[in-house]
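A quick write-up on the structure given underneath.
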Amino acid sequence: MIALVDCNNFFASCERLFRPDIKNLPVLVLSNNDGCVVARSNEVKELGIPMGVPYFKIRDIVKRNNVQCFSSNFALYSNMSQRILGVLERHAPQIEVYSIDEAFMELAQLPQQDFFKWGEALRKEIQTDIGMPVSVGIAPTKTLAKLASAYAKKHKQTCLINPESDKKSYEEILSQTPVGHIWGVGWKREPQFKQVGIRNALQLANVSEAWIHSKMGITGTRMLRELQGFTAYPFEEEKVPQKTLMASRSFGHTVKNTHDLEAAVATFASQAAYRLRKHEQAAALFGVYLKYKTKDGQIKGQSAATRLVTSTNNTTELVHTALQLMYELYDEDYGYKKAGVFANHLSSANVCQVDLFDAISPDVKEKQKSFMQAIDSINQRYGSETIHIGSIDPGSTKWHALKKRMSPAYTTDWNQLPELHSLK
DNA sequence: TCTGGGGTCCTAGGACCC
DNA sequence: TCTGGGGTCCTAGGACCC
């Protein structure tokens, strides 16, 4: 059996942790640049504010209902995620982290056989220790565990699905699950299923393998088998290395000159290089993406990429490459709205293919490596921009995203620790 | 005026190999 | 006159996830 532990309204719940005064108020969290809604407390959901809606469209309803809005604060969210993971580790030895707010847990090796009791104990411990509300779903496959956790969220207690031992409740829960809520059915498939009369998960679980294959290919066959209780997506404890990486941001203001655009692109390239080093990976293909508005008002995107002679995660090399590509794309007539870099064909930094004709000798490469390590450890200790590449002018802030409603980094910055005042 | 930022997998078709 | 059968790798686009 596999458990899925899913945090309820994760970002919104994180914002509440250090703000008891907003415990009962509607809370929502906005995407980068305060653009659109990415998390909602239950009260916000009840107000009918949908996921992903642009902020300007809901400004009135926010004001009328005293909705508390926050810019996204990833320092806080990732730290809370780590803390919750710490609690999970005490309850089961094997954990697969699926996203910042969800994890699968393998229960096969657990001595405890009363899974409902186990789930309730875990849920209460996370609530007590961290203050985070979570839902626990337990089932023989990941797809069913996802379904169970959604049901658990609705009914506020751990949900167990097992088609073998309790067919009745399996059918009951699946019949109450709208087809669009199944893991793997998105905006495109949902209307297609509804058109042929499939409205809930139970109906989908009873179609033939040939039929689903004709509609969705191998992905559909897997989904069907998972719904029926047969594993198609096995539990994966070991972290598989990433295959691609991206660092991009929408700008707070339109950027026209190369100075600001350079600062932005160099920042993204540095971030990408740092993330590569952190995962001990190197990129063989590196590219730049720019989004802009033309003179006649059209929004367009352009990208350029280049194959690197030798895979690398060196900041100076990647920034240099990125700026070259940026200048290839740059047009002074455009107003730039967003930029980003991407790294593809990633491989382990330790087993990199070397190039016979590479101009940089192995001992210079070694020196560059220690140089990067030195920078990383200084930046880790004193803040991420303590040492940065020259093209990043810290005074160039025009491109910085708008974050007007950011909460403090309560748990990751000494200067932003919450203060307690005695009422004496 | 104002709409995020990451990822994964699958499929089809082209180019190429023996 | 008749023209096979088996592969790989790459890319773009679609669909999905959080």
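Keep in mind the model is a prediction, meaning the values are calculated, not measured.
A:Gln203 contributes a side-chain N or O that, together with a main-chain N or O of A:Gly197, makes up a donor-acceptor pair within less than 3.5 Å. Checked by atom type and distance alone, the side chain of A:Ser72 never pairs as donor or acceptor with a backbone atom of A:Phe74 at under 3.5 Å.
Shown here is A:Phe116, whose CZ atom has more than 12 heavy atoms of other residues, nucleotides or ligands within 6.0 Å.
Nearest-nucleotide positions on DNA chain B for A:Thr219 and A:Lys291 put A:Lys291 closer to the 5' end. The residue among A:Arg222 and A:Arg59 whose nearest nucleotide of DNA chain B is located toward the 5' end is A:Arg59.
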Given side chain to side chain contact (heavy atoms under 4.5 Å, CB included), test A:Leu122 with A:Val5 step by step and report yes or no.
-> CA-CA 9 Å; A:Leu122 174 62; A:Val5 182; 3.7 Å; yes
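A:Val185 comes within 4.0 angstrom of sugar-phosphate atoms only, judged by non-hydrogen atoms across all strands, and of no base. Within 4.0 Å (heavy atoms only), A:Ile100 reaches no atom of the nucleic acid at all. Here A:Asn33 lies out of heavy-atom contact (under 4.0 Å) with every strand. Contact annotation for A:Ala247: backbone-only contact, meaning every heavy-atom pair under 4.0 Å involves sugar-phosphate atoms and none involves a base. Backbone-only engagement by A:Thr244 is indicated by non-hydrogen atom pairs under 4.0 Å involving sugar-phosphate atoms exclusively. Within 4.0 Å (heavy atoms only), A:Tyr55 reaches no atom of the nucleic acid at all. Nucleic acid contact class of A:Asp34 (heavy atoms, under 4.0 Å, all strands): none. Using a 4.0 Å heavy-atom cutoff across all strands shown, A:Leu285 reaches no nucleic acid atom at all.
Judged by distance alone, the side chains of A:Asn9 and A:Lys45 do bring a donor and an acceptor atom under 3.5 Å apart. Judged by distance alone, the side chains of A:Ser407 and A:Asn73 do bring a donor and an acceptor atom under 3.5 Å apart. For the residue pair A:Ser250 / A:Asn33, no side-chain donor-acceptor distance below 3.5 Å is found, with atom types taken as modelled.
Minimum heavy-atom separation, A:Asp376 to A:Tyr274: OD1-CD1, 3.5 Å.
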For DNA chain C, what dot-bracket results from Watson-Crick or G-U pairs at under 3.5 Å, with [ ] for crossers and | for inter-strand partners?
-> ....||||||||||||||
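Bounding nucleotides for the chain A contact on DNA chain C, 5' to 3', at a heavy-atom distance below 4.0 Å, are C:dT11 to C:dC18.
Between A:Lys403 and A:Asp34 there is no salt bridge, since none of the side-chain N atoms of the basic residue sits less than 4.0 Å from a carboxylate O of the acidic one.
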